[in-house]
Amino acid sequence: MSVKRTPLVAGNWKMYKTIAEARQLVPDLVQGLSKVGGVEKVICPPFTSLMAVKALLEGTDIKLGAQNLYWEKEGAFTGEISPKMIAELCQFVILGHSERRTYFGETDETVNRKVRAALEVGLIPIVCIGETLAENEEGKTQSVIHRQVQAGLSGIQLQPDNSGDVPLVIAYEPVWAIGTGKAATGEFANRVVQEMIRPTLSMLFGDQVAKSVRVLYGGSVKANNAAEFFDQSDIDGALVGGASLKAEEFIGIVKAAAESLE
Ligand code: 13P
């Protein structure tokens, strides 16, 4: 049975934009994105801007995501933010981004704890995976991707709901393509999704779930190269960093996703 996956374009603002700056950007995004249908749109500002951005998104179809959470329900964990606190504001949460793995010591095991905690409160995790340049050059892409998916998602239950949606998104972000201006080719990224990510999902959750999970590409996606990814059979959207900070660029990427449906 073939499955229809709704394209999703998410903007990861990383550690950019104060509240004041967010208040300048979001109205432009709302204006440009409100005319684009058929694509799920998510913006993921830093924690400090979530409330302000949520207010600005009221009445629009743009959804909100956070960039991290801590897995404990509550407690003496100075500086951390719980799943429930995020769920009060957001529908999505980015987990296991390569910058968190590289600079903040996140591992497949901690990512797994976060994924479980997010699902428990009804958040949709956007789980980031991807090989480094060295791993890619050493021919280890397949084993790294397999390990990250398997360990990151171990012990979770996933079922498509009545509309066929699965509450989990994967973002394939080859580390060498992030912030470098050197995007993967659409053909390469599609091959990773088709031959490595979905087969591992199928092994874990069965074929139906593997076909229903949306898999995004991330890494130097811009308005002028986005179509190359959206035209691929197994790529369902993009996780956008730098280009999500510029209204025109992000709107251009979402439009490219909508055009790929035509
Ligand atoms: P860039 O789009 O800036 O390469 O960042 C990609 C990314 O890390 C999104 O999570």
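All ligand and atom numbering here is 1-based and tracks the order in the structure. Numbers here are sequence positions counted from 1.
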Is G179 in contact with ligand 1, taking contact as a heavy-atom separation below 4.0 Å?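 Under 4.0 Å: yes for G179.
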
So is A243 touching ligand 1 or not, going by heavy atoms under 4.0 Å?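 It does not; every heavy atom stays at 4.0 Å or beyond.
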
Heteroatom proximity flag, [X] to ligand 1, N/O under 3.5 Å:
X: E99; result: no
X: N12; result: yes
X: K14; result: yes

Starting from [atom], which protein heavy atom do you reach first, and at what distance in Å?
atom: atom 9 (C) of ligand 1; result: E173 OE2, 2.9 Å
atom: atom 3 (O) of ligand 1; result: G242 N, 2.8 Å
atom: atom 2 (O) of ligand 1; result: G241 N, 2.9 Å

F229 vs Y217 aromatic rings, parallel, tilted or perpendicular, using cut-offs 30° and 60°?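 Because their plane-to-plane angle is under 30°, the rings of F229 and Y217 count as parallel.
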
To the nearest 0.5 Å, what is the distance between CG (L168) and CD1 (I124)?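 Here the rounded value is 9.0 Å.
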
How far apart are the C-alpha atoms of F92 and L8, what are their side-chain angles, what is the distance that settles it, and do they pass the side-chain contact (heavy atoms from CB on, under 4.5 Å) test? CA-CA 12 Å; F92 290 83; L8 189 158; 3.8 Å; yes

Per-atom contacts of ligand 1 with [X], taking only distances under 4.0 Å to non-hydrogen atoms:
X: H97; value: 7 (C), 8 (O), 9 (C), 10 (O)
X: L239; value: 9 (C), 10 (O)
X: G219; value: 4 (O), 6 (C)

Given that the side chain starts at C-beta and the backbone is N, CA, C, O, which of these parts of I178 lies under 4.0 Å from ligand 1, counting heavy atoms, or is it both or neither?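 Both backbone and side chain.
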
Is the number of heavy atoms from other residues, nucleotides or ligands within 6.0 Å of CD (E72) greater than 12?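 Yes, enclosed.
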
Heavy atoms from other residues, nucleotides or ligands near CD of E74 exceed 12 (cutoff 6.0 Å):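 For E74, atom CD is not crowded (no more than 12 foreign heavy atoms under 6.0 Å).
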
Reference residue D236; test salt bridge (Lys or Arg N to Asp or Glu O under 4.0 Å); the match among K211, K4, R214, R198: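 The residue from K211, K4, R214, R198 that satisfies salt bridge (Lys or Arg N to Asp or Glu O under 4.0 Å) with D236 turns out to be R198.
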
Going by the side-chain contact (heavy atoms from CB on, under 4.5 Å) test, name the single residue among L50, I62, V30, V240 that passes it with I43.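 With I43 as partner, L50, I62, V30, V240 yield a single side-chain contact (heavy atoms from CB on, under 4.5 Å), made by I62.
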
Is there a salt bridge (Lys or Arg N to Asp or Glu O under 4.0 Å) between D165 and R5 once you walk through the steps? CA-CA 8 Å; D165 291 331; R5 300 179 295 261; over 6 Å; no

